[in-house]
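The residues of the chain are indexed from 1 along the displayed sequence.
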Amino acid sequence: QVQLVESGGGLVQAGDSLRLSCAASGRAFSSYAMGWFRQAAGKERELVAAISGSGSRTYSADSVKGRFIISRDNAKNTVYLQMNRLKPEDTAVYYCAAHPAISGGVVIMNLNLYAYRGQGTQVTVSS
């Protein structure tokens, strides 16, 4: 089992950058595929980025491609989401999620497959 704690959210202006962090407890962090998803008020959850256990493969949603970068540091049991050129429509609660993967190269792009998630961190982008 793994516990996830997000940090780094806040209130920023359009065009600014933020870096979210997700610290994971437990062993064998590199065996977990990780993802970031978000949920805005009144909207469906959206997977914005995902990364394989080894970090060799990533996925980004079209809505954030070219602006958001997911990465991980397995030595620190941490996954990051670098968010650049933020827009008001990026306003949401951001959650990190984890799922044990059979291979270090697996990226999980189906939000519903993640077994664990954190409590979330609020990101608000003003225009």
**Q.** Spacing of Ser60 atom OG and Met109 atom CE [to the nearest 0.5 Å]
**A.** 11.0 Å
Q: Measure the shortest side-chain to side-chain distance between Ser7 and Ser21 over non-hydrogen atoms and say whether it is less than 4.5 angstrom.
A: yes
Q: Could you state whether Leu111 and Val107 fall into the same hydrophobic cluster, counting links through intermediate Ile, Leu, Val, Met, Phe, Trp or Tyr residues with side-chain heavy atoms under 4.5 angstrom apart?
A: yes
Q) Between atom CG of Leu20 and atom CD1 of Ile70, what is the distance when rounded to the nearest 0.5 Å? A) 10.5 Å
Q.
Let's go through Ile69 and Tyr80 carefully: what are the C-alpha distance in whole Å and the side-chain angles of both, what is the deciding distance for side chain to side chain contact (heavy atoms under 4.5 Å, CB included) to 0.1 Å, and is it a yes or a no?
A. CA-CA 8 Å; Ile69 302 169; Tyr80 304 98; over 6 Å; no
Q.
Testing the basics here: between Tyr95 and Gly118, what is the closest heavy-atom pair and its distance to 0.1 Å?
A. CD2-O, 3.5 Å
Q: List the steps and the verdict of side chain to side chain contact (heavy atoms under 4.5 Å, CB included) for Tyr116 and Tyr32.
A: CA-CA 10 Å; Tyr116 307 102; Tyr32 287 85; 4.0 Å; yes
Q: For residues Val2 and Ser25, report the shortest heavy-atom separation together with the two atoms involved.
A: CG2-O, 3.0 Å
Q: Taking all non-hydrogen atoms of both residues into account, name the closest pair between Asp90 and Arg67 and its distance.
A: OD2-NH1, 2.7 Å
Q. Is there a donor-acceptor pair under 3.5 Å between the side chain of Tyr114 and the backbone N or O of Ile108?
A. yes
**Q.** Glu6 side-chain N/O to Cys96 backbone N/O, donor-acceptor pair under 3.5 Å
**A.** yes
Q | Steps toward side chain to side chain contact (heavy atoms under 4.5 Å, CB included) verdict (Met83, Val12) | A | CA-CA 11 Å; Met83 306 187 294; Val12 297; over 6 Å; no
Q) Is any NZ, NE, NH1 or NH2 atom of the basic residue among Lys65 and Asp62 found under 4.0 Å from an Asp or Glu carboxylate oxygen of the other? A) yes
Q: State the OG-CD1 distance between Ser56 and Ile51, to the nearest 0.5 angstrom.
A: 8.0 Å
Q: Look only at the side chain of Asp16 and the backbone of Leu86, and say whether a donor-acceptor pair between them is shorter than 3.5 Å.
A: no
(Q) Using the rule that Ile, Leu, Val, Met, Phe, Trp and Tyr join whenever any side-chain heavy atoms are under 4.5 Å apart, tell me whether Met34 and Tyr59 fall into a single cluster. (A) no
(Q) If you compare all heavy atoms of Pro88 against all heavy atoms of Ala14, which two are closest, and at what distance to 0.1 Å? (A) CD-CB, 4.1 Å
Q) So Arg57 and Val106, side chain to side chain contact (heavy atoms under 4.5 Å, CB included) or not? Walk me through it. A) CA-CA 7 Å; Arg57 296 184 65 196; Val106 171; over 6 Å; no
**Q.** Arg72 side chain vs Ser52 backbone, donor-acceptor pair below 3.5 Å
**A.** yes
Q. Quick check: are there more than 12 heavy atoms from other residues, nucleotides or ligands sitting under 6.0 Å from CD of Gln122?
A. yes
**Q.** Polar side-chain atom of Thr124 near backbone of Thr91 as donor-acceptor pair, under 3.5 Å
**A.** no
**Q.** Spacing of Ser127 atom OG and Lys87 atom NZ [to the nearest 0.5 Å]
**A.** 14.0 Å
Q. In terms of hydrophobic clustering (I, L, V, M, F, W, Y; side-chain heavy atoms under 4.5 Å; direct or indirect links), are Leu4 and Leu18 co-clustered?
A. yes
(Q) Donor-acceptor check, side chain of Gln119 to backbone of Val5, threshold 3.5 angstrom: yes or no? (A) no
Q.
As an exercise, state the distance from OH of Tyr94 to CG of Leu81, rounded to the nearest 0.5 Å.
A. 7.5 Å
Q.
Using 0.5 Å steps for rounding, measure from the CH2 atom of Trp36 to the CZ atom of Arg117.
A. 13.0 Å
Q | Sole residue of Val64, Thr121, Leu47 in side chain to side chain contact (heavy atoms under 4.5 Å, CB included) with Arg38 | A | Val64
